[in-house]
Amino acid sequence: MEIFTFVHMGGRLDGIVLVPVLRPGQEAEDHDAIKHGLDNFDAAQCKCFNPDEKDQMLTIIRTAFGSTASFNSAVVKIIRKVWSRDFEDDGTGMNSSDSEASHASAPSFSSSGS
């Protein structure tokens, strides 16, 4: 949600940093699982401490986008662009994020400059 809000409010994709947490020896498996989760984002599956907040959030999404599916498509499009930029193999077998990602200690979906 925060990523979408950041972009919707005028933030640029180059201001988004995705930091995957990869277990030593299982980097490829974890990478694939994270990508699968991001590709299958579904706002309707979100969990909120207060169920009323989830209902309110989904109502706002449906009002703005017509459906959660339309919102999900917009979010997935943003995430795919950032993921491709940071984590897809550029033909060398590595990219600039490989060494950073394997040393991350906690999952983070953040935007820089906010």
Side-chain angles (χ1 to χ4, degrees):
M1 295 297 294
E2 288 83 1
I3 291 173
F4 175 78
T5 301
F6 174 75
V7 172
H8 187 70
M9 296 301 294
R12 295 171 29 144
L13 293 182
D14 61 3
I16 299 173
V17 178
L18 298 178
V19 181
V21 177
L22 307 174
R23 298 168 292 175
Q26 297 181 322
E27 292 88 350
E29 177 184 338
D30 290 348
H31 179 278
D32 291 345
I34 292 167
K35 185 167 185 330
H36 176 77
L38 296 175
D39 282 343
N40 293 286
F41 171 83
D42 184 357
Q45 298 301 313
C46 73
K47 300 202 180 354
C48 296
F49 179 76
N50 180 341
D52 292 335
E53 290 177 359
K54 178 177 178 175
D55 292 339
Q56 290 173 341
M57 181 181 65
L58 292 175
T59 297
I60 292 167
I61 288 170
R62 286 186 204 107
T63 300
F65 285 84
S67 70
T68 54
S70 294
F71 175 78
N72 292 342
S73 293
V75 171
V76 168
K77 183 177 178 180
I78 293 167
I79 293 171
R80 282 183 179 157
K81 285 181 181 181
V82 174
W83 184 269
S84 178
R85 176 198 71 204
D86 291 348
F87 302 108
E88 294 301 317
D89 186 347
D90 62 4
T92 65
M94 293 188 71
N95 63 35
S96 62
S97 299
D98 287 341
S99 61
E100 292 175 22
S102 64
H103 299 298
S105 60
S108 174
F109 296 96
S110 63
S111 59
S112 61
S114 56

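Just so you know, these numbers use all the heavy atoms, side chains as well, and skip hydrogens, waters and symmetry mates.
- Put simply, the residue from Asn40, Asp39, Asp32 that forms a side-chain hydrogen bond (donor to acceptor under 3.5 Å, both in side chains) with His36 is Asn40.
- Between atom CD1 of residue Ile79 and atom CG of residue Leu13 there is a gap of 11.0 Å, rounded to the nearest 0.5 Å.
- Under the 4.5 Å side-chain contact rule for hydrophobic residues, Ile3 and Ile60 do not share a cluster.
- To the nearest 0.5 angstrom, Asn72 atom CG is 8.0 Å from Ser67 atom OG.
- The CD1 atom of Ile61 sits 7.5 Å away from the OG1 atom of Thr68 when rounded to the nearest 0.5 Å.
- A tilted orientation is assigned to the rings of His31 and Trp83, their planes being inclined by 30° to 60°.
- At distances below 3.5 Å, not a single donor-acceptor pair connects side-chain atoms of Asp86 with backbone N or O atoms of Val17.
- A donor-acceptor pair under 3.5 Å is formed between the side chain of Glu27 and the backbone N or O of Gly25.
- Put simply, NZ on Lys35 and CZ on Arg80 are 6.0 Å apart, with the number rounded to the nearest 0.5 Å.
- The side-chain heavy atoms of Lys54 and Leu58, taken from C-beta on, include a pair separated by under 4.5 Å.
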Going through the distances and angles, do Ile16 and Ile78 end up as a side-chain contact (heavy atoms from CB on, under 4.5 Å)? CA-CA 10 Å; Ile16 299 173; Ile78 293 167; 4.2 Å; yes
